[in-house]
2 protein chains.
Amino acid sequence: MIDKNTSNYRSACPLSTALDVIGDKWSLLVVRDMCMKKTRYGDFLASPEGIPTNILATRLRRLEEVGIIEKKPYQTKPLRYEYFLTSKGASLLPVLQQLAVWAHSYIPECGAPPGWFLNAKPENLLKDR
Amino acid sequence: MIDKNTSNYRSACPLSTALDVIGDKWSLLVVRDMCMKKTRYGDFLASPEGIPTNILATRLRRLEEVGIIEKKPYQTKPLRYEYFLTSKGASLLPVLQQLAVWAHSYIPECGAPPGWFLNAKPENLLKDR
DNA sequence: TTAACACACTTGTTTTAAGCAAGTGACAAT
DNA sequence: ATTGTCACTTGCTTAAAACAAGTGTGTTAA
């Protein structure tokens, strides 16, 4: 079997690679929701930005594929899952915090990040089990 | 004149608003290039990710509109511009640094951010004049 | 003086992704 | 049997990305 081209990333630059993975308008919003302890499909749909259902489904699939989130069944009949951040996903928190601070500082129309968010720590975002 | 709908942003969330502005695969790469003191159209095109020329043109226009970069003529015949980060744009540096660190930590195939990048400071990215 | 070159784009077309509305499947409750 | 809930999927339309080629304004070399 032949190597299907040297990696899917545009370059070896870590920033470029990061953007290949989470560089779109929705992925980090799902991560944000998980930082607020939302876990279910319906929770994510209910966020004020109004993500379309099919986009949410593809993002959840993709985020799981790249190891940012994982799903665990919360019932079996019918089989349904809750979604949680992995440590890889929780480690995005500092990025989100910086972005939120930047936006609040430089984009007048937008609100302030809540204190709990700025004080949050990655290790506290993991599913306790 | 009627208010053309209450803002173009999806919600008041600063993170969501940030993603409305820079949430795509290319914008932050242009900012990155400017962090490395690249200033011209051809410089940005030469980056290893291979941004298409029309996309670059639209991104430069957009980034200028939102005040992340500004252009200054470097010659008049024919009229041509160099692009520089504003303080709003330079303030994205901590976000880029966090993202690069994250990618290097959690995405095996990708390289390490160079030391000069991790040690850079926003105020040193501004056009000295 | 004309032909080649450089730079910074623009234009036209194709391909991919986003966005919207509606539908489906597995069950629980009434 | 009918309605309801939840988590999706499917089909279709619209918008954006990607690719290839061309344009405008000049300089330099033959």
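Every chain is numbered from 1 and lettered A, B, ... according to where its sequence line falls, protein lines coming before strand lines.
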**OP:** Any chance you could list the contact pattern along nucleotides 4-16 of chain D? Use B for base contacts, S for sugar-phosphate-only contacts and - for none, protein heavy atoms under 4.0 Å, 5' to 3'.
**Re:** --BSBBBB-----

Original post:
Going by number, which of residues 20-30 of chain A have a non-hydrogen atom under 4.0 Å from DNA chain D?
Top reply: none

Original post:
Among all residues two or more places apart in sequence or in another chain, which pass the salt bridge (Lys or Arg N to Asp or Glu O under 4.0 Å) test with B:Glu82?
Top reply: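 B:Glu82: salt bridge (Lys or Arg N to Asp or Glu O under 4.0 Å) contacts with B:Arg40.
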
Original post:
With side chains defined as the heavy atoms from C-beta onward, is the minimum distance between B:Tyr9 and A:Ile107 less than 4.5 Å?
Top reply: yes

Original post:
Heavy-atom distance under 4.5 Å between the side chains of B:Pro122 and B:Pro94, does that happen here?
Top reply: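 Heavy-atom side-chain distance check passes, below 4.5 Å.
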
Quick check against the 3.5 Å criterion: does [X] have a side-chain atom that pairs as donor or acceptor with the backbone of [Y]?
X	Y	answer
A:Gln97	A:Ala120	yes
A:Thr86	A:Ile68	yes
B:Tyr41	B:Thr53	yes
B:Glu123	B:Leu126	no

Under 3.5 Å donor-acceptor pairs involving side-chain atoms of residues 99-106 of chain A, not counting sequence neighbours:
{"residue": "A:Trp102", "atom": "NE1", "partner": "B:Lys88", "partner atom": "O", "Å": "2.9"}
{"residue": "A:Ser105", "atom": "OG", "partner": "A:Val101", "partner atom": "O", "Å": "2.8"}
{"residue": "A:Tyr106", "atom": "OH", "partner": "B:Ser91", "partner atom": "OG", "Å": "2.6"}

Subject >> Nucleotide range of DNA chain C lying under 4.0 Å from chain B heavy atoms >> reply: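 The contact span of chain B on DNA chain C goes from C:dC7 to C:dG12.
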
Pairs of donor and acceptor atoms involving the side chains of residues 13-28 of chain B, under 3.5 Å and at least two apart or interchain, shall be tabulated with distances.
{"residue": "B:Ser16", "atom": "OG", "partner": "B:Ser11", "partner atom": "OG", "Å": "3.4"}
{"residue": "B:Thr17", "atom": "OG1", "partner": "B:Ser11", "partner atom": "O", "Å": "3.3"}
{"residue": "B:Thr17", "atom": "OG1", "partner": "B:Cys13", "partner atom": "O", "Å": "2.9"}
{"residue": "B:Asp20", "atom": "OD1", "partner": "B:Arg10", "partner atom": "NE", "Å": "2.6"}
{"residue": "B:Asp20", "atom": "OD1", "partner": "B:Arg10", "partner atom": "NH2", "Å": "3.1"}
{"residue": "B:Asp20", "atom": "OD2", "partner": "B:Arg10", "partner atom": "N", "Å": "3.0"}
{"residue": "B:Asp24", "atom": "OD1", "partner": "B:Ser27", "partner atom": "OG", "Å": "2.5"}
{"residue": "B:Asp24", "atom": "OD2", "partner": "B:Trp26", "partner atom": "N", "Å": "2.7"}
{"residue": "B:Asp24", "atom": "OD2", "partner": "B:Ser27", "partner atom": "N", "Å": "3.0"}
{"residue": "B:Asp24", "atom": "OD2", "partner": "B:Ser27", "partner atom": "OG", "Å": "3.4"}
{"residue": "B:Asp24", "atom": "OD2", "partner": "B:Arg59", "partner atom": "NE", "Å": "3.0"}
{"residue": "B:Asp24", "atom": "OD2", "partner": "B:Arg59", "partner atom": "NH2", "Å": "3.3"}
{"residue": "B:Lys25", "atom": "NZ", "partner": "A:Leu19", "partner atom": "O", "Å": "3.4"}
{"residue": "B:Lys25", "atom": "NZ", "partner": "A:Asp20", "partner atom": "O", "Å": "3.4"}

Original post:
How about B:Lys37: does its NZ atom have over 12 heavy atoms from other parts shown lying under 6.0 Å from it?
Top reply: yes

